[in-house]
Amino acid sequence: MPMKSFPRPSDLAVPAGAEGWEKIYPYYLVFQDELRDFEDEKFWFCDSQHWPTAFKPFETIGGEFAVKCLGQYNARHLMIPNANGIDFRVHLGYLYMSPIPVPEEQIEARLPEFQARIGHYFANWDTMLDQWRTKVRGTIDELESLRFDPLPEMVPMDDIVSGKAMDGSEVLMENYDRLIQLCYQNWQYHFEFLNLGYIAYLDFFNYCKEIFPDIPDQSIATMVQGVDMELFKPDDELKELATLAVELGLQSKFETTDDAAQVLDAIASADGGSRWLTRWEEAQDPWFNFTTGNGFYAHDVYWREELSIPLGFIADYIRRLDDGQQIMRPTETLIAEKDRIVSEYQDLLDSEAREVFDAKRQLAATAYPYVENHNFYIEHWTMGVFWRKVRELSRTLVHHGVFEDEGDLLYLNRNEVRDVIFDLVTSWGVGAPQGPIAPAHWPPILKERKAIVSALKTARPQPALNTPPESITEPFTRMLWGITTEQVQSWLSADDEDNGGLKGMAASPGVVEGTARVVMDASQIHEVEQDEILVAPITAPSWGPIFGKLKATVTDIGGMMSHAAIVCREYALPAVTGTGNASTKIRTGQRLRVDGTRGTVEILDAEETIPEVAGPGAHSHAHAPVGG
Amino acid sequence: MNYVQTFDSTIEPKLENLGGKGASLVTMTTAGMPVPPGFVVTTAAFDAFLAESGIADEISRELGNLNSENVTEVDEVSARIRERLTSAEVPESIRTSTREAYDGLIAQCGGEAPVAVRSSATAEDLPDASFAGQQDTYLWINGYAEVTDHIRQCWASLYTSRAIIYRLKNSIPDEGLSMAVVVQKMVNARTAGVAITMNPSNGDRSKIAIDASWGVGETVVSGLVTPDNILMDKITLQVVTEHIGDKHIELVPADGRLAEKEVSADRAEVRCLSDDEVTAVASLAKGAEKHYKCPQDIEWAFDRDLPDGENLLLLQSRPETVHSSAEKKAEGTAEKKPTTAGFDLGSITASLMKSNG
C-alpha cells in the first residue's frame, strides 16, 4: 500500500462564511505563512476528544492552559527522558497537537533528573497529594471570592477618610487579571500528578504485557482502577437522592422537572420533603460543581446553576427504581471482581515475578485514581467557578453598556477583554457622557466573528494533518489520546475499506447489535432512548446517568482510559473508542454491531444509508502520495 | 483387590491400579467435573488374568532371550503373545466383575449405548515415559461381547512389536508391567477438541488455547483437520484471537459405528462453537487446572443428545508437559531478576523508553 498523508493545513478548504477565521484567534495560535515549511513538516493530530466544537475566541484559554501545562511537566518539571511537551495550534477552529520529542543526544542526561524527580513524588505520594488538594481548594476559594460588581457612582466617603485614593475600577482590573491567573494556576496543578499517574500505569502496563503477552488492556486497567472515586461521587449523590425520594414517597413531585423552583417548592410542602431538601442541600457542595459538558467551553452548563439538570437525572433514576432496577453501582461486586482478577494473575506467577508484579501494581493503583479524580477538581469545579465568574464580569460589562449581550464577551480573546475593561474604567473614570468606545468599535467585529464561528462549526475537523511519522512513539500521546501508529494508519485507510466497518480500540469487551443514537454534544443526551447504542465524538463524566440505558458506546477519539471506556467497563457495556469518525459516518437509527472485544463497529444497513455530511472535514482525507 | 472400579467409586484412585487415564477420570469424577460415566478394568484384573491363565510364565519365557534387532523374531513372539492374550480364558471372577460393571453403565445410560474402550497404562502420561503402542482407543463399541473383545485388544497392545522393542532398547523391565482399561460411555460429539490452559506458542499462562472441530475429537487429536483455534484470556474468559480452520471432515456415527464424513463448505468455514460454548470450554479447562494446580491439556466434547448447559463433557485432563518442562529448565538457568519491595525507578524508565522503540 502506498504511504499516504493527511492534508496540509493550507490545503483544507475554509467552510463557506468562515473566511478570515485566522484573525479571530491570537496570532500565536494559528499556522503562519512564514513558518509554513516547518509547520508542514510536522504531524498534527486533532484533539477532538477534549475540544469537539470550534472555539469561540475567549474559549481558547482552556486549550492553551491545558496543553501548555501538560507540556511543562514533561519538559521542565519531570524531565521525561524521551518526551517534551506538545506543540499546539488552532486550525479552522479546532485544536491540533504535535508532540515534541527530546533530541536523542539529550535523553541520557535527563535520566538521573527524571528518576530523582519522579522518585520524590512516588515516595511522598500521599502527603504531596494532600498538599495538592489544599492548593487546588485554595485556588477555587479565591476564584469564588472574586467580585465583578458594577463600578460605584462615586467613591465612598470612607475611602476618602481612609485616604484609600482609589476609585474602585482597579478592583475590576485586578480581579480580571486574578481570574485569568487563578485559572492558569489550577491548570498547572492539574498536571502535577497526571503525568505521574500515567507513568506508573504505563510501567505496570508494560510489565503485564511482558509476562502475559496477550493480556487484554482492560484487565490491566481493572487491576489499578479505584471503585470509590471522587469523579463518581456526583452521580452517586443523585442516585442516593433518588433512593431517598422513593423511600419518602416523593416520586410524584418529579413528574416534570423543567422548572426547578416549582419542583423544590412542591417537595418543601410535602411530608418528608424537608428531610429530602436537607440531603439535597448537602449534596450540592461540592458535588454539584459538575458540568454536562467537559469544562472547556463557556456553554458548559453546571448543575449548581441549572438545578433542573440534576433534578432531571434524579427523576430518571426514580423511574428506574420504580421499575425495580438496581441503580447504585454494585461496588462490592466490582471490588470482588477486581480482587479476583488481581489474585488470579498473581497465582500464575512464581514468587519472584509476583513480587515485581505486586510492587508495580501497587504503585499504579496508588497513582492511577488521580487520573480520574483530578477531573472533578479542575474541569468541573475550578472551571465551573471560572465560567460563572466570566458570566458575572460579562453581566457587568453589559450593565455598563460595553456589550449588548452577555455572550458577546466570548467572541473576544482574553487579552482583548482586558482592553475592553480598561476602555470601560477610563470612560467611567473621566465621566465621559458617551461611555466607553467599545460600542462604537466592536459591534461589526462581533457580528463577523459570530458568523465565522457558526461557519466553522458546520465542518468536522480532520483527524490529523500532514504526513504521519512511521511510528508514533510519544508515550502520553499513545496512552491518553489513543493515537497509535495503527490508529493513524486506520484513519488513513478508512476510505479504502469503506464497507460499513469501523475500527477502533477494544475498550470494553462484549458484542451487541442495536440501533445507533448519534449525540454530538451534551445538549442532545436527553434524546437517548433505552437500549440504543451511543455514538458520539466523546463522552463526558456528566453523561453518567444515560449509561444505564445504553447497549454499547462508540466514540471518535479516546483510548483505553477515556471516559467512555471506563464507564462502559463499569456498566459491563461493550465500547469501541478512537474510531476517528464514527459520529460522522454513522447516522441515528442505523443498525450497528459493536464488538468491544475486537474493537470493531459494523454498520449493518450501511448500503441503504450513506450519511452525507457537509464541510471539508466530513469527507475523507485528501491524500497525496508521499515520497515519490 | 478390585478388578473393576467405577469412575464414581469412593475408592482412592491409584495410578498403579487404574493407569494414568483411569486414575484421572476417577479423580475428575470425584471432583464433580462433567466426565461421561464409565469404569476401569484395573491392573489387578490384567495381573490375575496373566497369572491364572499361565500366560505370565509364557511371556517371560518368550522374551527371555529375545534379540531386539531381530525384527522377524520379535514379530513372531509378539503375534504369539497377543494371540494368547486375546484367546485365553479370562477367569470367572474377572468376567463377572466386568459384566456387572458394564450392565451398570448401560443401566446408567438408560439403555444400550455405545462406549469407548481405551488402554490406560501405568507408565503412560508420565513425563518422558509415554511409549509406543500403549494408547489404544476404540470408539463407538456396541454390546458386551465387543467390549470384552476390545479390552483384550488393549491388553494385547502391551505386546506389539514396537512396544516390545521399545522396552528392550530402553531397558525397561517387564516385571510390574501392567495395563488398566477404561470403558466409558461414548459421547455423541457434535463438536469436540482439546484445550491447553496456557498459550503454547509463548508460554503465557494467562491464556487458554482451544482447538475445536465438528464431530468426535479424534480428528483434532490426530491432525486430520485444521481445527478452529481460539485463544482465550483465562482471567476474563474473553476471546483474544481466533482462527477459523478448514474442518473438511468429521467423525460421526453411521450404521452403528464411527465414520468420516465430508463437511459441507458452509459448515467447514464457520466457527464450530458458539460464544457461550467457547466460554464453557475455557471454564472447564480452567476448572481442571485449578483442580490439579498446574497447566492442563484437556479433551472435551459437546454431546448432541444432552440438553444445553449439561452437554459439555470432559474426556481427559493431563498435565501440560511440553511447555511447562521447557519453562522449568529455562528457569533454572535464568539470571535472578532483582526484586524490589517498592517501585523500581530503573524499570519505570525502561518502560517509558520502551515506547520509543
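Residue numbers begin at 1 in each chain, while the letters A, B, ... track the order of the sequences.
Of the atoms belonging to A:Phe114, it is side-chain heavy atoms, and not backbone ones, that fall under 4.5 Å from chain B. For B:Lys293, no part lies near chain A; criterion is any non-hydrogen pair under 4.5 Å. Contacts of A:Gln115 with chain B are made by both backbone and side-chain atoms, with heavy-atom separations under 4.5 Å. Only the side chain of A:Leu111 comes within contact range of chain B, with at least one heavy atom under 4.5 Å from a heavy atom of that chain.
Residues B:Thr236 and A:Pro216 have side chains in contact (heavy-atom distance under 4.5 Å, counting atoms from C-beta outward). With contacts defined as side-chain heavy-atom distances shorter than 4.5 Å, the pair B:Ile235/A:Ile215 does not qualify. Using a 4.5 Å heavy-atom threshold, the side chains of A:Asp203 and B:Ser347 count as touching. B:Leu231 is listed as a side-chain neighbour of A:Asp214, based on a closest heavy-atom distance under 4.5 Å. Looking at B:Glu242 and A:Arg598, their side chains come closer than 4.5 Å, going by heavy atoms from C-beta outward. Side-chain atoms of B:Ile348 and A:Phe122, non-hydrogen and from C-beta on, do get closer than 4.5 Å to each other.
Using a 4.0 Å cut-off between a side-chain N of Lys or Arg and a carboxylate O of Asp or Glu, A:Glu344 and B:Lys286 qualify as a salt bridge.
Crowding of A:Arg117 atom CZ: a count of heavy atoms from other residues, nucleotides or ligands under 6.0 Å exceeding 12. Other residues, nucleotides and ligands place more than 12 heavy atoms under 6.0 Å from the NZ atom of A:Lys42. By the 6.0 Å contact criterion, CD on A:Glu105 is enclosed, its count of non-hydrogen atoms from other residues, nucleotides or ligands being greater than 12.
Across all their heavy atoms, A:Ile211 and B:Asp204 have their closest contact at O-OD1, 4.2 Å. When every heavy atom of A:Leu348 is checked against every heavy atom of B:Ser206, the shortest pair comes out as CD1-CA, 3.5 Å.
Counting heavy-atom pairs closer than 4.5 Å to chain B, the top residue among A:Pro213, A:Ala83, A:Pro101, A:Gly510 is A:Pro213.
To the nearest 0.5 Å, the span separating OH on A:Tyr345 from NZ on B:Lys234 amounts to 10.0 Å.
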